[in-house]
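Down below is the structure, laid out as structure tokens.
As the structure is a computational prediction, the values presented were derived from the model and not from experiment.
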Amino acid sequence: MYEVKLDAFNGPLDLLLHLINEFEIDIYDIPMRELTEQYMQYVHAMKKLEINIASEYLLMASELLMIKSKMLLPDTSSDEVEEEDPREALVEKLIEYQNYKAYSEMLEEKRQAREQYFTKAPTDLSHYEYSERLPEDTTMDLTKLIVAYQKMKTRVSLKKPTTVDIRKETYTIQQSTTYIYDKLKQASQITFFDLFTFNESIEHVVTHFLALLEMSKTGMIQLQQVKAFHNFEIRKGVNYDA
């Protein structure tokens, strides 16, 4: 014998779903005898506790008893005509109610989640609107706009104070001369580009260039350029070891 607890249910279909889930009944193959007994126990328990039973519970009780009685009748269907299952209408109602219940629970969760947000009323921004409007035939010349922009840009740059960055010399011509001298020790001929890693500062480039001019003047090196604007070659001069 099953034990029935008097929980709160929203109608007879809700009670039937509770019983089906509680006793792990296959909703597509309901044992009507067991389900009807459990349902009737619940109804009788309400009567004993003098709880006012709604007519819908009694109506469902009569429907369960009718289905149970139909299933007790002998099977008179032939092979050609299959008799309809008397539980089919009840199963459809239970599945439909089960879906509605799942949807209502989902909507309730969304409602509770939405209550955690607070919506700000829209701010009135009408006082920021301009009442004046340009005439519809007003046109703008893009060229004039660009010229005005360039003039303003020039005026701003002229008003800015001119700054001169004076730095102490950190790389000397003597250091550059030594560097070039050591390079020529390793190879009898190098090019101007061989002196750089192309990560040097402008100061380094200028210092190397001045050192080359000084070394060429004293005869320590010879400079040769095959074509105009091409990289020039650096060779040892007559006074290289002097």
Side-chain angles (χ1 to χ4, degrees), residues 102-103 105-242:
Y103 295 148
E105 290 175 356
M106 180 183 66
L107 292 174
E108 176 63 20
E109 290 178 0
K110 290 184 177 294
R111 183 191 67 80
Q112 292 178 3
R114 184 63 182 85
E115 287 181 349
Q116 305 302 316
Y117 297 90
F118 297 93
T119 305
K120 179 183 177 296
T123 304
D124 183 16
L125 302 177
S126 58
H127 57 281
Y128 289 108
E129 296 179 357
Y130 292 100
S131 58
E132 298 181 0
R133 293 186 178 180
L134 293 173
E136 294 182 358
D137 59 346
T138 300
T139 58
M140 296 183 67
D141 190 344
L142 183 59
T143 304
K144 293 181 179 179
L145 183 61
I146 295 174
V147 171
Y149 168 74
Q150 291 296 339
K151 287 182 178 180
M152 180 58 67
K153 187 177 179 183
T154 304
R155 290 180 62 182
V156 170
S157 62
L158 290 175
K159 284 188 175 183
K160 288 184 178 180
T162 304
T163 59
V164 178
D165 189 10
I166 302 176
R167 299 180 182 178
K168 182 180 179 181
E169 185 179 20
T170 58
Y171 193 71
T172 64
I173 294 178
Q174 182 60 41
Q175 290 174 313
S176 178
T177 301
T178 303
Y179 177 75
I180 298 171
Y181 185 87
D182 292 339
K183 277 278 189 181
L184 287 171
K185 272 187 177 181
Q186 300 172 8
S188 59
Q189 177 180 316
I190 60 175
T191 65
F192 181 64
F193 289 166
D194 291 337
L195 301 177
F196 305 99
T197 61
F198 298 97
N199 291 320
E200 292 85 0
S201 63
I202 296 296
E203 178 190 0
H204 271 60
V205 177
V206 173
T207 304
H208 278 323
F209 187 74
L210 293 175
L212 286 172
L213 293 178
E214 185 67 26
M215 294 173 73
S216 176
K217 180 180 178 181
T218 59
M220 290 182 64
I221 61 172
Q222 290 181 352
L223 301 176
Q224 184 180 4
Q225 190 178 39
V226 179
K227 293 182 180 180
F229 305 109
H230 276 218
N231 188 12
F232 56 85
E233 299 173 351
I234 306 170
R235 296 190 181 94
K236 296 177 182 179
V238 293
N239 296 327
Y240 174 77
D241 292 323

Any idea which heavy atoms bring [X] and [Y] closest together, and the distance?
| X | Y | result |
| --- | --- | --- |
| L184 | K236 | O-CE, 2.9 Å |
| T123 | K120 | OG1-NZ, 2.6 Å |
| D241 | Y181 | OD1-OH, 3.4 Å |
| T172 | T207 | O-CG2, 3.4 Å |

Nearest 0.5 Å, what's the [atom1]-[atom2] distance between [X] and [Y]?
| X | Y | atom1 | atom2 | value |
| --- | --- | --- | --- | --- |
| R111 | Q116 | CZ | CD | 10.5 Å |
| L210 | T177 | CG | OG1 | 9.5 Å |
| Y171 | E203 | OH | CD | 9.5 Å |
| S216 | Q224 | OG | CD | 12.0 Å |

Item to check | K217/E214 salt bridge by N-O under 4.0 Å criterion | outcome: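 No, this pair does not count.
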Checklist entry - Going through the checks in order, is the side chain to side chain contact (heavy atoms under 4.5 Å, CB included) test met by T218 and N239? => result CA-CA 7 Å; T218 59; N239 296 327; 5.6 Å; no
Item to check | F232, CZ atom: more than 12 neighbouring heavy atoms under 6.0 Å | outcome: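 Result for CZ/F232: enclosed.
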Next on the checklist: More than 12 heavy atoms of other residues, nucleotides or ligands under 6.0 Å from CD1 of I202: yes or no?
Outcome noted: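 Counting neighbours around CD1 of I202, 12 or fewer heavy atoms of other residues, nucleotides or ligands fall under 6.0 Å, so no.
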Checklist entry - Does Y179 have its ring centroid less than 6.0 Å away from the ring centroid of H208? => result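 Yes.
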Quick one: does [X]'s side chain get under 4.5 Å of [Y]'s, heavy atoms only?
| X | Y | value |
| --- | --- | --- |
| D194 | E233 | no |
| I180 | M215 | yes |
| L223 | I234 | yes |

Item to check | Check against side chain to side chain contact (heavy atoms under 4.5 Å, CB included), Q222 and Y240 | outcome: CA-CA 10 Å; Q222 290 181 352; Y240 174 77; over 6 Å; no
